[in-house]
Structures are given as C-alpha cells and as structure tokens.
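Quick note on labels: first sequence line is chain A, next is B, and so on, each numbered from 1.
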2 protein chains.
Amino acid sequence: MNRFLGHVTNRIDAKGRVSVPAQFRSIIQTAGHTELYALRSLHLPALDVGGPELLTRFDKRLGQEDPFAETADDMSFYLHADGGFLKLDGDGRITVSDFIREHTGISGDVTFAGANTHFQMWHPDQFEAHRTKVRERLAEKRRQGELSVPAGGS
Amino acid sequence: MNRFLGHVTNRIDAKGRVSVPAQFRSIIQTAGHTELYALRSLHLPALDVGGPELLTRFDKRLGQEDPFAETADDMSFYLHADGGFLKLDGDGRITVSDFIREHTGISGDVTFAGANTHFQMWHPDQFEAHRTKVRERLAEKRRQGELSVPAGGS
DNA sequence: TGGGGCACTATGGGCGTCAATGGGACTAGA
DNA sequence: TCTAGTCCCATTGACGCCCATAGTGCCCCA
C-alpha cells in the first residue's frame with residue numbers, strides 16, 4: 001500500500017533523534033528519496049511531511065496563482081521560508097530540530113499520523129486533543145444528517 | 001454470498017491475536033485482499049472493518065467535500081490518521097493493537113458482527129448491550145406504527 | 001440411519017527477522 | 001580543542017511466518 005495511513009508514536013532519544021515509522025519510510029524510499037520535506041501546518045500545531053515531491057505539488061499550485069497578487073507572495077514565502085528538508089540517517093531516523101519543536105511543542109515523543117499523500121508529526125497530547133475535536137465535529141455533522149455514509153457495493 | 005451477516009465471538013490468544021471468522025475472511029480473500037481497513041466508529045464503541053475498498057468508498061465521499069473547508073480536513077484526518085490497516089497473517093488472524101482496544105474496550109474476546117458491506121468488531125458485552133438497545137428502539141417505533149415491515153415473499 | 005473418516009476452523013506456540021532504540025567512534029567545523 | 005552532526009554497531013522486543021493440535025460439522029458409505 002502506497003498511502004500514508006494510521007498513526008504511531010515514537011520516542012526521541014538523548015541525541016534528539018526519532019525513528020520515522022518503517023511503514024512511512026518504505027513509501028518514500030520506494031520513490032527513491034532519502035530526504036523529507038517538512039512544512040508547518042497553517043492552522044494546526046503539526047508538521048506536514050512528505051517526500052520532496054510534496055514541495056513540487058505545492059509549487060504547482062503556487063504557479064496557478066497570479067504572481068503579482070499578494071496571495072502568491074504569501075504562499076511562496078510560506079513554502080520556502082517556513083518549510084525545510086529533513087535528512088534521514090542510515091537507520092531511518094531524523095533529528096528533531098528547533099524548527100520542529102517550536103511549532104509543534106514536541107519534546108519527548110512524536111506521533112506520526114498518516115494523511116494519505118503525506119504524513120504529519122504531532123505532540124502526542126496535541127494529536128489526541130485534535131482527534132477528540134475532529135470526532136466531535138464529525139459526529140455533530142452526522143447527527144444533523146449532513147454526512148451520509150457512502151452506499152455500499154462491492 | 002458476498003455479504004457480511006451474523007455474528008461470532010472469538011478469543012484473543014496470549015500473543016494478542018484473534019481469528020477473523022472464516023466466513024468474513026473468505027469474502028475479502030475472494031476479492032484478492034490480505035489486508036483489512038479499520039475505522040473507529042463515530043458514534044459506537046466499535047470498529048468498522050472491511051477490505052481496502054472500504055477506504056476507497058470513503059475517499060470518494062471525501063472528494064465531494066470542498067477541499068478548503070474544515071470538514072474536508074476533518075474527514076481526511078478521521079479516515080487516514082484515525083483509521084488504519086490490519087494485516088491478516090497466514091492463518092487469517094489479526095493482532096489486536098491498542099488502536100483497537102482503546103476505542104472498543106476489547107480485551108479478552110472479540111465479537112465480529114456482520115454489517116452487509118463490512119463488519120464490526122465489538123467487546124462482547126458492549127455488543128450485547130447495543131443489540132438490546134437497538135431491539136428496544138425498533139420495537140418502540142413499531143408500536144408507534146412508524147415501522148412497516150415489507151411483506152415477505154419467496 | 002448410524003458410524004467412520006475427512007475437511008476445515010479456531011487456537012496455541014516456536015522461531016527467525018526486522019524495527020525501534022541506545023550508545024560508541026569518527027569527522028568537520030568553530 | 002570542543003561541539004555538533006554522521007555513521008556504524010548492539011540490544012531487545014515485537015511481529016510475521018510457520019507448524020501442531022483439538023474440536024466440530026459434514027459427507028459418504030455401509
């Protein structure tokens with residue numbers, strides 16, 4: 001399966017390293033990459049991480065904006081200044097830099113959460129809090145009949 | 001028959017594994033899959049489980065949402081981060097992870113319940129309680145004449 | 001119609017592999 | 001020379017893969 005799915009929590013060691021879950025790693029390595037592109041999420045205390053093509057994908061969207069509009073400037077700044085690369089070491093670990101810690105509050109453990117085309121890095125507590133909120137919002141929508149379960153068929 | 005019907009309770013062994021009922025397994029294996037997609041039910045202490053196409057079906061639903069709205073983000077998080085794959089071993093068993101135990105309260109035994117296009121995993125007691133409640137609700141509705149049972153045929 | 005045997009499922013357990021983690025040593029830059 | 005980053009290796013615990021066994025239902029045949 002070539003999608004990022006599920007979530008795992010790993011420990012940061014004394015040297016500030018943390019193992020990227022093997023399942024996620026294999027997806028990236030299958031694509032032939034040894035680097036990760038990380039971006040601070042706009043509205044969540046989490047990091048969006050993926051292979052280098054993640055940046056490409058965002059860049060493409062940026063290209064569709066009017067280059068003279070303020071939005072394009074903002075997006076470009078956001079992508080290139082507020083994002084960065086993370087190097088995978090030989091054992092599939094990355095170093096948790098201040099760039100990561102500041103935005104996410106991560107200190108001792110990291111929760112890696114799948115997001116289909118990429119994955120996210122969270123402070124375990126923040127992740128749990130967000131999960132609870134998301135479930136509440138969706139349950140509410142469901143109660144209001146705004147969410148219909150897709151019809152089966154097989 | 002390619003529908004999930006009935007319910008069975010199986011034991012979790014010392015290694016935390018439990019056999020998926022052969023009846024359910026055969027439906028999934030007939031489709032050529034060795035993986036299961038599991039999702040924590042929004043309103044029940046149960047897991048919704050099915051073949052990978054279950055995720056595809058939900059993904060399709062997600063595609064109908066406005067990608068910039070909060071609901072789309074929530075749904076993606078719910079589907080991709082709060083859901084995950086369960087691997088079937090050579091004997092048709094899955095390991096019951098904390099991911100499952102936390103949400104369902106499952107510890108020693110698991111009740112597998114058919115749900116037509118997919119099936120559910122329950123703590124036996126919770127399942128029994130839910131079953132009783134559902135029957136009561138339906139009986140009440142019927143008493144109020146809100147439920148008409150279609151005439152049987154065949 | 002009853003008995004024997006076959007097929008299959010659920011369950012238990014051994015064992016090898018791999019992932020996660022910890023730590024030492026080397027290198028380069030300050 | 002000291003520090004930070006990298007590379008490499010060791011440990012351990014979890015998990016996948018394999019085989020064994022027991023219980024059960026079904027079928028066939030006498």
Side-chain angles (χ1 to χ4, degrees), chain A residues 1-2 4-30 33-36 38 49 84-102 106-114 119-124 127, chain B residues 1 4-30 33-38 49 52 84-102 106-114 119 121-124 127:
Chain A
M1 187 54 58
N2 58 347
F4 296 90
L5 219 53
H7 65 271
V8 179
T9 299
N10 285 343
R11 174 181 312 273
I12 297 179
D13 67 16
K15 292 165 116 177
R17 303 170 299 181
V18 66
S19 294
V20 175
Q23 190 196 351
F24 291 175
R25 241 159 48 207
S26 73
I27 297 176
I28 290 154
Q29 289 175 337
T30 300
H33 300 129
T34 57
E35 270 184 335
L36 299 176
V49 189
F85 284 105
L86 306 174
K87 251 181 288 180
L88 279 169
D89 71 11
D91 297 324
R93 284 181 283 197
I94 55 174
T95 303
V96 181
S97 60
D98 288 342
F99 164 76
I100 297 175
R101 297 177 194 263
E102 277 170 19
I106 286 172
S107 57
D109 292 287
V110 183
T111 296
F112 294 83
F119 66 89
Q120 294 180 325
M121 290 176 60
W122 290 79
H123 184 294
F127 175 79
Chain B
M1 180 59 63
F4 296 90
L5 289 176
H7 67 273
V8 179
T9 300
N10 285 343
R11 173 182 310 275
I12 298 178
D13 69 16
K15 292 166 88 174
R17 302 170 300 182
V18 66
S19 294
V20 175
Q23 189 197 351
F24 291 174
R25 238 159 50 209
S26 72
I27 297 175
I28 290 153
Q29 288 176 335
T30 300
H33 299 129
T34 57
E35 274 182 332
L36 300 175
Y37 174 66
V49 189
F85 281 115
L86 307 175
K87 253 180 284 179
L88 280 169
D89 70 12
D91 299 321
R93 283 181 286 195
I94 55 174
T95 52
V96 181
S97 58
D98 288 341
F99 162 77
I100 297 175
R101 298 177 193 263
E102 278 170 19
I106 286 172
S107 58
D109 293 284
V110 183
T111 297
F112 295 83
F119 65 88
M121 288 175 62
W122 290 80
H123 183 294
F127 175 74

I want to confirm an ordering. Mapping A:Pro21 and B:Val18 to their closest nucleotides on DNA chain C, which one lands closer to the 5' end? B:Val18
So if I take every side-chain heavy atom of A:Asn10 and compare against D:dG16, C:dG13, C:dT21, which nucleotide ends up nearest? C:dT21
Looking at C:dG22, I'd like to know if its phosphate oxygens (OP1 or OP2) sit under 4.0 Å from a side-chain N or O belonging to A:Lys15. no
Rounding to a whole Å, what distance do you find between A:Leu86:CG and D:dT6:C1'? 16 Å
Hey, does the side chain of A:Arg25 come within less than 4.0 Å of C:dA20's phosphate (OP1/OP2), counting only N and O? yes
Let me know the distance between CD1 of A:Ile94 and P of D:dT6, rounded to the nearest Å. 12 Å
Does any N or O donor sit under 3.5 Å from an N or O acceptor when you compare the side chain of B:Arg11 with the base of C:dG12? no
Categorize A:Asp89 for me: base, sugar-phosphate, or nothing, with a 4.0 angstrom heavy-atom threshold over every strand shown. nothing
Under 3.5 Å, side chain of A:Asn10 to main-chain N/O of A:Ser19, donor-acceptor pair present? yes
Look up atom CD1 in B:Ile94 and atom CG in B:Leu88, then write down how far apart they are to the nearest 0.5 Å. 7.0 Å
Nearest-Å distance for atom pair CZ/C1', residues B:Arg93 and C:dA10: 8 Å
Nearest-Å distance for atom pair CD/P, residues B:Gln23 and C:dT9: 11 Å
Give one of base, sugar-phosphate or nothing for B:Val8, where a contact means two heavy atoms less than 4.0 Å apart. nothing
Nearest to the side chain of A:Thr95, which nucleotide is it out of D:dC19, C:dA10, D:dT6? D:dT6
Nearest listed nucleotide, side chain of A:Asp91, among C:dG24, D:dC9, C:dA19: D:dC9
C:dT11 P sits how many Å from B:Asp109 CG, rounded? 8 Å
Check for a donor-acceptor pair, side chain of B:Asp13 on one end and backbone N or O of B:Lys15 on the other, with a separation under 3.5 Å. yes
Could you state the atom-to-atom distance from CG of B:Leu88 to P of D:dC17 in whole Å? 11 Å
Take the protein atom CZ of A:Phe24 and the nucleotide atom P of C:dA19, then report the distance between them rounded to whole Å. 15 Å
Using the six-membered ring wherever Trp is involved, compare the ring planes of B:His7 and B:Phe127 and label them parallel, tilted or perpendicular (cut-offs 30° and 60°). tilted
From CG of B:Asp98 across to C1' of D:dC15 the rounded distance in Å is 14 Å
Can you measure from CZ (A:Phe119) to CD (A:Gln23) and round to the nearest 0.5 angstrom? 11.0 Å
Among the nucleotides C:dA20, D:dT6, C:dA10, whichever has the atom closest to the side chain of A:Lys87 is D:dT6
State whether the distance check finds a donor on one side and an acceptor on the other, under 3.5 Å, for side chain A:Arg17 versus base D:dG5. no
